[in-house]
Amino acid sequence: MNTQTAAATTLASHKVEQLSFERILQGLSTAVIAIDATGLVIYANATAEASFEGWIIGLDLKDLLPGFTLLNVVQSGPTSMVLSSKSNESYEVTLAPLGDGHFVVDLRSSSKQLEAPIQTELDDLTGLAKRNMLMSHLTAAVSRGSDAASFAVHCIDLDRFKTVNDTLGHSIGDLLLKKVADRLNSACRKGDVVARLGGDEFVVLQHDVQDVAAAEKLAARIVDLVGRTYVLNGHTINIGASVGVAISEESSQPRDLLRNADLALYEAKRFGRGRYRSFESSMGALLQERRDMEVDLRRALALKQFELSYQPFLDLNDDTVIGFEALLRWNHPLKGNVPPLQFIPLAEENGLIVKIGEWVLRKACLEAATWPGEMVVAVNVSPLQFKADNLLETITSALARSGLPAHRLEVEITEGALLDDTDNVLITLTALRELGVKISMDDFGTGYSSLAYLQKFPFNKIKIDRSFVAGDNADSEAILKAVANLGISLGMSITAEGVETAEQLKRIRDERCTHVQGYFTGRPMRPEVIPAFLNQTLLATL
Ligand code: C2E
Ligand code: CA
Ligand code: CA
């Protein structure tokens with residue numbers, strides 16, 4: 001080997017080390033996905049995420065590509081199939097087994113969109129770069145490495161854009177996005193990349209950034225410019241921009257930078273609108289935990305990590321068990337049993353609660369259908385499920401499939417469901433009642449204008465929050481008494497929740513509560529022990 005080739009070889013291997021495989025995969029214009037033996041996506045490069053417009057890790061590939069199947073796949077070599085995505089994009093899908101049950105999947109758009117040259121990857125509406133193009137620039141900037149000056153990624157989110165879109169219509173919304181694009185372009189220098197990732201989400205890649213101050217200067221300029229008044233078709237419009245900034249470091253990867261900028265954006269928004277924040281590593285830890293949990297939560301349904309526990313409630317007339325409340329349990333493979341209060345708020349924030357809630361309804365009806373006699377099942381329904389407008393359909397089909405009669409299902413709602421869009425919620429509630437489903441107002445007393453809600457809808461049952469049962473001060477005593485009296489006069493049943501002692505049980509009896517639910521009369525239990533539990537309580541009452 002002559003010295004020249006030797007030098008070239010050393011240089012080449014050095015380059016390969018610098019370019020980790022992750023970076024190479026991320027830079028590819030072909031969509032590359034890895035799936036596990038059940039078809040769940042465990043890795044996706046940026047092109048793959050762009051093809052499906054978002055986060056796909058944890059999702060089932062057959063949900064993304066209906067018709068996809070692992071059946072008939074030859075384990076020894078690659079297999080190809082042509083499939084259409086939900087948006088009717090046609091792909092040639094090639095699967096190559098990795099030998100350990102996993103597969104690498106590459107997707108080539110049959111309509112050649114994925115491999116289109118970079119220049120055409122512009123957003124039709126604004127003429128800004130789209131995700132693919134941004135990722136290519138970002139990957140290029142990262143691979144220029146530490147000898148080049150650093151760069152910054154700005155994630156930008158418009159405040160109140162949705163309101164404008166909803167109230168003034170899409171054509172004004174589109175005009176506004178174009179104006180925002182113009183202002184972003186004018187805030188940046190030549191060579192910076194301004195991209196729109198969809199909706200009102202923008203990203204700026206700022207080159208030649210000497211220090212944090214230089215990046216924050218641009219962020220401040222963006223907040224200022226985008227936040228100035230717009231006049232469109234005679235409408236005066238005020239929106240704002242929130243910006244999260246991340247500056248490249250030695251070993252930054254495109255995805256890390258975007259994520260860090262996004263975390264900073266999240267922080268910026270937490271402190272009010274029209275602000276910018278730079279990423280700090282301390283922000284990462286907590287939020288990262290949330291994100292990890294979110295990723296895990298997305299896969300939890302598919303991986304069958306949810307279960308229901310059932311807590312009995314008793315009729316105080318004759319002290320018999322008349323039903324059970326279904327309580328969701330998440331068996332996380334590493335964290336163990338995650339309590340619902342830790343993941344339900346998150347599932348509500350990202351909308352997953354709709355799918356999860358659907359599962360809960362189906363499962364609870366199926367299990368309850370095996371219970372004896374007129375035993376009732378109570379299911380918690382999140383306010384978001386009411387907004388998803390397929391709730392009635394979900395419940396009807398859960399009842400039909402399980403064969404559970406409607407009068408054996410109780411739906412528990414909190415005041416949150418009635419806070420906004422009350423009219424539509426009331427329509428759904430009325431339809432449910434007409435089906436024969438019972439409706440309970442849950443956690444009564446913890447919300448806002450509780451009494452007003454009771455007049456708006458004839459609930460079958462009010463569940464008094466356990467804080468009023470546990471609290472031994474004069475106020476909680478008075479509230480307990482007042483609610484019980486109110487319920488009686490409105491003809492509603494009253495369940496006292498969280499009764500833990502004989503003394504509390506006596507007290508709620510004295511206040512004429514009609515039902516009880518709490519550790520004292522029965523803890524949440526696995527469905528398989530319900531028959532034995534019922535036999536035993538039946539014996540006790542004989
Ligand atoms: P919740 O609807 O008020 O459910 C009652 C909660 O109180 C349950 O907690 C139950 O285990 C607990 N509890 C019952 N008796 C006692 C007692 O005597 N003492 C004490 N200290 N606690 C008692 P869990 O299972 O942790 O559920 C917490 C909350 O999570 C529920 O409050 C409900 O708001 C929500 N949740 C649970 N399952 C679901 C679900 O399937 N969908 C929705 N949307 N929310 C759910
Ligand atoms: Ca409840
Ligand atoms: Ca409750």
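For the numbers below, each heavy atom of this structure counts, side chains included, while hydrogens, waters and symmetry mates do not. Whatever order the structure lists them in is the order used to number ligands and atoms, beginning at 1. Throughout, numbering of the chain's residues begins at 1 and tracks the sequence.
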Side chains of [X] and [Y], heavy atoms from C-beta outward: is any pair under 4.5 Å?
X	Y	result
Q311	Y519	yes
N380	V360	no
I172	I237	yes

So which N/O/S atom does [X] have closest to the Ca ion (ligand 2)?
X	value
D442	OD2
E325	OE2
E412	OE1

What distance separates [X] [atom1] from [Y] [atom2], expressed to the nearest 0.5 Å?
X	Y	atom1	atom2	value
I239	L177	CD1	CG	8.0 Å
S309	M525	OG	CE	9.0 Å
I464	E497	CD1	CD	9.0 Å
L297	R290	CG	CZ	11.0 Å

Is ligand 1 under 4.0 Å from a heavy atom in the side chain of [X], in the backbone, in both, or in neither?
X	answer
V499	backbone
D443	side chain
K463	neither
V360	side chain
E325	side chain
P524	side chain
N380	both

Taking a cutoff of less than 4.0 Å between a non-hydrogen atom of the residue and any ligand atom, is Q517 in contact with ligand 1?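 No, Q517 has no heavy atom closer than 4.0 Å to ligand 1.
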Output yes when a protein non-hydrogen atom is found under 4.0 Å of [atom], and no otherwise.
atom	result
atom 7 (O) of ligand 1	yes
atom 41 (O) of ligand 1	yes
atom 34 (O) of ligand 1	no

With a 3.5 Å distance limit and no angle check, can you tell me whether T428 reaches the backbone of N424 through a side-chain donor-acceptor pair? yes
From the candidates L308, V379, L341, the one that places a heavy atom nearest atom 29 (C) of ligand 1: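 Selected option, by shortest heavy-atom distance: L341.
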Counting non-hydrogen protein atoms only, what is the nearest one to [atom]? Give residue, atom name and distance.
atom	result
atom 5 (C) of ligand 1	E497 OE2, 4.0 Å
atom 18 (O) of ligand 1	Y519 N, 2.8 Å
atom 10 (C) of ligand 1	L327 CD1, 3.9 Å
atom 38 (N) of ligand 1	L328 N, 3.1 Å
atom 27 (O) of ligand 1	P340 CG, 3.4 Å
atom 12 (C) of ligand 1	R466 NH1, 3.9 Å
atom 46 (C) of ligand 1	I344 CD1, 3.2 Å
atom 21 (N) of ligand 1	E500 OE2, 3.0 Å

Specify which N/O/S atom of D443 comes nearest to the Ca ion (ligand 3), by atom name. OD1
Nearest heavy atoms of [X] and [Y], plus distance in Å:
X	Y	value
G199	R196	O-NE, 2.9 Å
E415	D443	OE1-O, 4.2 Å
Q305	D296	OE1-O, 4.4 Å

Can you sort out which atoms of ligand 1 are near S382, meaning under 4.0 Å from one of its heavy atoms? 44 (N)
Under 4.0 Å from any heavy atom of G518, which atoms of ligand 1 are there? 15 (N), 18 (O)
Tell me, please, if N380 has any N/O/S atom, main chain or side chain, under 3.0 Å from the Ca ion (ligand 2)?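 Checking N380: at least one N, O or S atom is under 3.0 Å.
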With no hydrogens and no angle check, do the side chains of D442 and S440 hold a donor and an acceptor under 3.5 Å apart? no
Quiz question: by atom type and distance under 3.5 Å, do the side chains of R277 and S242 form a donor-acceptor pair?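 There is no such pair between these side chains.
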Taking E410 as the fixed residue, which of K463, K461, K438 is the one that meets the salt bridge (Lys or Arg N to Asp or Glu O under 4.0 Å) rule? K461
Can an N or O of [X] be found at a distance shorter than 3.5 Å from an N or O of ligand 1?
X	value
R329	yes
F520	no
Q311	yes

Step-by-step side chain to side chain contact (heavy atoms under 4.5 Å, CB included) determination, D256 to F279: CA-CA 11 Å; D256 299 342; F279 173 76; over 6 Å; no
Under 30°, 30 to 60°, or over 60°: which ring-plane class applies to Y310 and W371, parallel, tilted or perpendicular?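 Perpendicular: the ring planes of Y310 and W371 meet at over 60°.
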Trace of the side chain to side chain contact (heavy atoms under 4.5 Å, CB included) decision for D36 with R299: CA-CA 12 Å; D36 68 9; R299 329 176 33 144; 4.0 Å; yes
